[in-house]
There are 2 protein chains.
Amino acid sequence: MARLATTSDVYNAIAEPQRRSIINLLAKGELSVNDITETLELNQPQASKHLKVLKEVDLVTVRKAGKQRFYNLNGENLKPIHDWVMSFAHLWTERFDRLETYLDELQGKE
Amino acid sequence: MARLATTSDVYNAIAEPQRRSIINLLAKGELSVNDITETLELNQPQASKHLKVLKEVDLVTVRKAGKQRFYNLNGENLKPIHDWVMSFAHLWTERFDRLETYLDELQGKE
DNA sequence: TTGACATATGCTTATATAGGAATATATAGT
DNA sequence: ACTATATATTCCTATATAAGCATATGTCAA
């Protein structure tokens with residue numbers, strides 16, 4: 001078997017550099033396919049394809065407006081990755097072990 | 001072109017579920033190839049191959065001891081991913097915006 | 001050296017893309 | 001209906017694996 005389909009796995013979805021670039025762009029606010037295409041200097045079909053992958057793992061949502069489709073980042077679905085990577089943060093920052101406690105406080109979990 | 005080679009990109013290296021499992025295991029301490037093979041119920045060659053990929057992106061290091069090779073997690077190289085994902089953390093936690101400041105303090109960057 | 005154990009590498013196969021080009025679909029305006 | 005614009009989809013190709021299997025390499029012990 002080959003690698004898992006990107007459409008079934010957020011980790012695979014963000015493994016593609018241009019998809020990360022798209023995510024970076026969308027973090028600033030919604031953009032049309034054309035905006036993304038031009039900013040990243042992609043071919044339009046490529047942009048649509050990457051957006052499709054991101055949509056399938058629910059990392060983005062679409063808003064229809066006339067001829068255009070405005071894509072929005074659905075960043076919450078990066079949280080599992082965040083949580084996973086965070087569990088290793090203590091490896092590069094000794095004082096990071098206080099972080100978890102801090103985060104709990106932040107979220108009011110006490 | 002197809003996807004970027006896993007050997008050149010940490011994001012691709014961790015896109016493979018079993019490699020993440022290996023990383024999870026190594027987080028608790030160094031393990032031999034055999035330990036990993038048995039714990040994850042892999043074929044020995046597969047374990048070696050995954051470890052090779054992880055080694056090539058410098059996510060693990062090896063310690064030779066007789067016939068065995070003990071692999072150690074080199075978690076610092078997960079930091080770029082951590083940093084990237086962290087930049088979206090405010091999207092799922094409103095009060096997360098205080099986090100960056102906190103992290104700077106933690107690391108003494110002021 | 002011979003044998004046993006531990007690990008790495010090579011080969012083959014099936015599959016999953018990513019990109020390019022062409023085309024299809026959708027929507028708005030005239 | 002016709003046209004222009006915006007976006008999505010299809011087909012094709014080259015490439016990158018991941019797994020399975022066989023085999024090679026490395027190391028220790030008798």
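Predicted, not measured: the structure shown is a model, and the values here were computed from it. Here is how names work: the chains are called A, B, and so on, in the same order as the sequence lines, proteins then strands, and each is numbered from 1. Note: hydrogens, waters and symmetry copies are ignored here, and every other heavy atom, side chains too, is used.
Atom-to-atom, CG of L51(B) to C1' of dA8(C) comes out at 11 Å; the value is rounded to the nearest Å. To the nearest angstrom, P of dT17(C) lies 16 Å from CG of D9(B). Distance E16(A) CD to dT15(D) P: 17 Å, rounded to the nearest Å. Remark: C1' of dA8(C) and CG of L54(B) are 15 Å apart, rounded to the nearest angstrom. K49(A) has its NZ atom 15 Å from the P atom of dT23(C), to the nearest Å. Atom CD1 in I22(B) sits roughly 12 Å away from atom C1' in dA18(D) (whole-Å rounding).
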Can you give the donor-acceptor pairs under 3.5 Å from side chains of residues 20-30 of chain B to other protein atoms, not counting sequence neighbours?
{"residue": "R20(B)", "atom": "NH1", "partner": "I14(B)", "partner atom": "O", "Å": "2.7"}
{"residue": "R20(B)", "atom": "NH1", "partner": "A15(B)", "partner atom": "O", "Å": "3.4"}
{"residue": "S21(B)", "atom": "OG", "partner": "P17(B)", "partner atom": "O", "Å": "3.2"}
{"residue": "N24(B)", "atom": "OD1", "partner": "W84(A)", "partner atom": "NE1", "Å": "2.7"}
{"residue": "N24(B)", "atom": "ND2", "partner": "R20(B)", "partner atom": "O", "Å": "3.3"}
{"residue": "E30(B)", "atom": "OE1", "partner": "R63(B)", "partner atom": "NE", "Å": "3.1"}
{"residue": "E30(B)", "atom": "OE1", "partner": "N72(B)", "partner atom": "ND2", "Å": "3.0"}
{"residue": "E30(B)", "atom": "OE2", "partner": "R63(B)", "partner atom": "NE", "Å": "3.3"}
{"residue": "E30(B)", "atom": "OE2", "partner": "R63(B)", "partner atom": "NH2", "Å": "2.5"}

For residues 37-44 of chain A, dump all side-chain donor-acceptor pairs below 3.5 Å to protein atoms at least two apart in sequence or in another chain.
{"residue": "T37(A)", "atom": "OG1", "partner": "V33(A)", "partner atom": "O", "Å": "2.8"}
{"residue": "T39(A)", "atom": "OG1", "partner": "D35(A)", "partner atom": "O", "Å": "2.7"}
{"residue": "Q44(A)", "atom": "NE2", "partner": "S48(A)", "partner atom": "OG", "Å": "3.0"}

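Distances shown here put a side-chain N or O of K52(B) below 4.0 Å from the OP1 or OP2 atom of dT9(C).
Distance check, rounded to the nearest 0.5 Å: CG of D58(B) to CG of N77(B) gives 5.0 Å. Note: L51(B) CG to Q46(B) CD = 11.0 Å, rounded to the nearest 0.5 Å.
Listed by residue number, the members of residues 24-46 of chain A with any heavy atom below 4.0 angstrom from DNA chain C are N43(A), P45(A), Q46(A). Residues from residues 62-73 of chain B that place a heavy atom under 4.0 Å from any atom of DNA chain C, listed by number: K67(B), Q68(B), R69(B), Y71(B).
Between A13(B) and R19(B), the shortest heavy-atom contact is O-NE, 2.6 Å. Scanning all heavy atoms of the two residues, the minimum distance from L91(A) to L73(B) falls at CD1-CD2, 3.5 Å. Considering all non-hydrogen atoms of both residues, Y11(A) and P80(A) come closest at OH-O, 3.7 Å.
Closest to the H50(A) side chain, of the nucleotides dC11(D), dA19(D), dA18(C), is dA18(C).
Residues passing the side-chain contact (heavy atoms from CB on, under 4.5 Å) test with D83(B) are K79(B), sequence neighbours excluded. When the side-chain contact (heavy atoms from CB on, under 4.5 Å) test is applied to K52(A), the partners found at least two apart in sequence or on another chain are E56(A).
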